[in-house]
Amino acid sequence: MRKKNYLALLLVAACLLCSCNSGDKPEETPKQTTTKKEETTTAKKDDKIDLDSLEKGISDSFMFGCDVSTLITQENSGVIYYNEAGEEQDALKTLADNGVNMIRIRVWNDPYDENGKGYGGGNCDTDNAIAIGKRATQYNMGCMIDYHYSDFWADPSKQMCPKAWKDMSVDEKSEALYEYTKESLGKILEAGVDVKVVQIGNETTSGMAGESNWKNIAKLMNSGSKAVRELSAQYEKDIQIAVHFTNPEKGKYSSYAKTLATNEVDYDIFASSYYPFWHGTLANLKKELGGIVEKYGKKVMVAEISYSYTLEDGDGHQNTIYDGAWGTFDYAMSEESQVKVVKDCVETLSELGEYAAGICYWEPAWIPVPEKDGVTRSELWEQYGSGWASSFAAGYDPKDAGQYYGGSAWDNQSWFDFTGHPLSSISTYKQIKEELQK
Ligand code: CA
C-alpha cells in the first residue's frame with residue numbers, strides 16, 4: 001500500500017536502521033503449474049535450477065493484473081468511469097478489454113469501528129472482495145485475493161493484529177487465522193468468484209498480524225495455506241498460494257526464502273512489490289527473484305507496480321509522488337512511462353520463463369471523487385471509505401490514519417484521468433502482449 005506519509009515513515013525507518021542506501025509462450029512447458037506444486041514444496045537444496053537453461057518468454061498463464069480494491073467505494077462516492085469512446089462503462093470491462101486478465105483485491109478482517117463506520121481505503125472486507133470479484137469473473141478475469149490479516153493496511157511500517165485476535169496466544173491466533181481464511185475465502189468461492197491466487201499476508205517484510213518472530217509468522221502463514229489448500233480441493237480448483245515481500249533493493253529475499261523453507265511454509269509463488277522509484281534496479285530485482293527460482297524452485301511475480309503520469313494532484317490530498325518526492329525517478333512522468341515501466345518489468349520477469357507468474361498494477365482506478373451539490377470530498381471519503389483512511393480508523397491506527405486520514409495519494413498513478421476517462425496507459429498490457437507476439 002502507499003499513502004501520503006508512507007514515504008516519510010519509510011525514510012525515518014530507513015535512517016534509524018542506517019540503511020538509507022537505500023513472447024511467446026515456450027513451445028513446451030514441462031512443469032505446468034498444476035503439477036509443480038508438489039515438487040516445489042519439497043524442493044531440496046541440491047535441486048538447484050539452472051537459470052541459464054530456462055527458456056525465456058512468458059507463459060500462457062502469465063497474469064496481467066490490476067489491483068482495484070477501492071473501486072466500489074469510488075463508485076459509491078459518485079465516480080463515473082468511461083471507455084475510450086467516451087461512454088460510461090464499468091472500469092472492470094474497460095480493463096478486461098485492454099488485456100487485463102487478473103484482478104487483485106485486498107481483504108481486511110474487520111475494517112470498521114465500534115459504530116460500524118468504515119476505516120476507508122476501500123473498506124476492503126470480504127463482501128467487497130465478493131462484489132468486485134464477481135464482476136471480474138463476469139469479464140473472464142481471474143482473481144487474486146490479498147489477505148493482509150489485519151483490520152487495515154499492512155506494509156513494512158505496520159502489521160497490526162486484527163482487533164478480534166488481540167489477546168490471543170500464537171496458537172489461538174493461528175487457529176483463528178485458519179478459521180477466518182476458511183470462512184472468508186469459502187464465501188468468495190461460494191459466490192462464484194474465479195480465484196486463481198491467494199496471498200497469505202501483504203508485504204510481510206517486518207511481520208504479520210502483530211507477530212514479528214518468524215517461527216510465529218510461519219505458523220500463521222501455514223494456517224492460511226492449509227485453509228486455502230483445503231478450499232482449493234473442495235472447489236476443485238488449482239488456487240496458487242503467494243507470500244509477499246517488498247524492498248528488493250535491500251537484498252534480503254534469499255534470507256526470507258530460507259526462513260520460509262526452514263519453517264516449512266507451504267506456498268507456490270514468491271511475490272514482490274516493485275515500485276521503480278523506491279525499489280532499486282530491474283537487474284537487482286531479477287537477481288533477487290532469480291535467486292528464489294534457482295534455490296527453491298518457486299514461481300515469482302511482481303504483485304504491485306505503478307508509475308506517475310503527472311505531478312498534479314487531483315483531490316487535494318497530497319500524492320505519494322509529488323514535486324520533490326523522495327525516490328529515484330529514472331522515467332519521465334508521462335503516460336508513455338507508465339507503459340514502459342511495466343513493459344521493462346515484464347521483460348525482466350520473462351527472463352525467468354515459466355517461473356514468472358505475473359505482474360499486477362496497483363490501484364489504476366483510484367481517482368478523485370467528485371465534489372458536487374455542496375458535498376465536499378472529505379465528506380465523501382468519510383461516508384464511503386474512498387480515501388486512503390477515514391477519521392474512523394483513528395482508534396485502530398492512531399499514529400498514522402488518526403493523524404493523516406484523507407483522500408487518494410495515488411490519483412496521479414492511475415490509468416484513468418481525474419474525470420474517469422482512460423489514459424493511453426490503459427492499454428499497457430495490450431501493448432506489451434502485441435510486442436511480445438511480434
Ligand atoms: Ca491526491
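Whatever order the structure lists them in is the order used to number ligands and atoms, beginning at 1.
- A 6.0 Å sphere centred on NZ of Lys117 holds no more than 12 heavy atoms belonging to other residues, nucleotides or ligands.
- In this view, Tyr139 satisfies the ring-ring contact (aromatic ring centres under 6.0 Å, His included) rule with no residue, not counting sequence neighbours.
- The salt bridge (Lys or Arg N to Asp or Glu O under 4.0 Å) analysis of residues 372-388, with sequence neighbours excluded, yields the pairs Glu371-Arg377.
- Protein atoms that are N, O or S and lie under 3.0 Å from the Ca ion (ligand 1) are these: Asp313 OD1, Asp315 OD1, His317 O, Asn319 OD1, Ser408 O, Asp411 OD2.
- Atom CG of Asn213 has more than 12 neighbouring heavy atoms from other residues, nucleotides or ligands inside a 6.0 Å radius.
- Partners of Tyr396 according to the ring-ring contact (aromatic ring centres under 6.0 Å, His included) rule, which considers only residues two or more places apart in sequence or in another chain, are Tyr119.
- Atom NZ of Lys433 has more than 12 neighbouring heavy atoms from other residues, nucleotides or ligands inside a 6.0 Å radius.
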